[in-house]
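Whatever order the structure lists them in is the order used to number ligands and atoms, beginning at 1.
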Amino acid sequence: MAAICVYCSSSESIDAAYRELAAAVGVRLAADGHSLISGGGRVSMMGDVARAARAGGAHTTGVIPEHLMPLEVADTDADDLVVVATMRDRKREMDDRADAFIALPGGLGTLEELFEVWTSASLGMHEKPVLVLDPDGFYAPLWEYLDALRGKGFVRTLALEMLRRVETVDEAFDLLAILLD
Ligand code: AMP
């Protein structure tokens with residue numbers, strides 16, 4: 001039983017399949033007895049994962065900067081809604097409270113969060129698993145780019161191996177069960 005931080009989109013203009021993916025993550029997270037750490041918004045995938053996790057009985061913690069509360073519609077149904085001053089405080093709180101991280105498809109915010117937690121893992125600052133759940137090749141161009149950087153010597157193979165890319169919700173949680181054992 002672990003605290004799983006999920007990074008995902010807050011955009012309302014995305015394909016419904018991504019929202020269903022977020023909900024499926026919430027369902028499995030709860031079924032496995034985990035708790036959720038999220039960005040504390042109700043919008044788009046962020047809201048979907050939190051609602052599904054709660055519906056399955058999971059404890060949910062949302063961490064939201066005060067100035068984003070109206071924009072991202074603070075998830076006031078969260079078991080714990082942690083209101084912080086800045087984005088940096090949000091990431092620190094989310095990262096400190098989590099035992100593992102799953103990034104779903106997302107935009108700039110998701111990428112920023114993913115890169116920070118992955119970079120710090122690659123520098124040995126923590127040993128928490130970092131997974132990317134990519135059911136449809138959303139992240140394939142990023143992987144190609146990272147692999148090119150590895151080929152040119154800018155990124156270590158070991159760093160790339162620390163970022164685990166999986167295709168299904170079941171694969172993600174089965175892998176977490178092994179890594180968190
Ligand atoms: P996006 O992937 O751009 O839809 O954003 C997903 C979430 O990441 C949203 O809740 C954003 O507010 C959040 N976000 C954006 N930038 C940052 C940042 N620098 N630190 C932490 N969270 C961020």
Contacts table for ligand 1: protein N or O within a distance under 3.5 Å of ligand N or O, distances only.
from	atom 1	to	atom 2	distance (Å)
ligand 1	2 (O)	Gly107	N	2.7
ligand 1	2 (O)	Thr110	N	3.0
ligand 1	2 (O)	Thr110	OG1	2.6
ligand 1	3 (O)	Leu108	N	3.3
ligand 1	3 (O)	Gly109	N	2.9
ligand 1	4 (O)	Ser10	N	2.8
ligand 1	4 (O)	Ser10	OG	2.9
ligand 1	10 (O)	Glu72	OE1	2.9
ligand 1	10 (O)	Glu72	OE2	2.8
ligand 1	10 (O)	Arg90	NH1	3.2
ligand 1	12 (O)	Glu72	OE2	2.3
ligand 1	12 (O)	Arg90	NH1	2.9
ligand 1	19 (N)	Glu112	OE1	3.1
ligand 1	19 (N)	Glu112	OE2	3.4
ligand 1	20 (N)	Glu112	OE1	3.4
ligand 1	22 (N)	Glu113	OE2	3.0

Partner residues of Ala172 under the side-chain contact (heavy atoms from CB on, under 4.5 Å) criterion, sequence neighbours left out
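Ala172 satisfies side-chain contact (heavy atoms from CB on, under 4.5 Å) with Leu131, Val166 once adjacent residues are dropped.
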Tell me, please, which residues at least two apart from Pro135 pass side-chain contact (heavy atoms from CB on, under 4.5 Å).
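Per chain and number, Pro135 pairs via side-chain contact (heavy atoms from CB on, under 4.5 Å) with Leu21.
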Does Val117 offer a backbone N or O that forms a donor-acceptor pair with the side chain of Lys128 under 3.5 Å?
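No; judged by distance alone, with no hydrogens or angles, the pair does not exist.
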Can any side-chain N or O of Asp79 pair as donor or acceptor with the backbone N or O of Thr60 at less than 3.5 Å?
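Confirmed, Asp79 side chain pairs with Thr60 backbone.
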Taking only residues two or more places apart in sequence, or in another chain, which ones meet Glu116 in a salt bridge (Lys or Arg N to Asp or Glu O under 4.0 Å)?
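Salt bridge (Lys or Arg N to Asp or Glu O under 4.0 Å) list for Glu116, sorted by chain: Lys91.
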Any side-chain heavy atom of Leu160 sitting closer than 4.5 Å to one from Trp118?
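Answer yes - side chains close enough.
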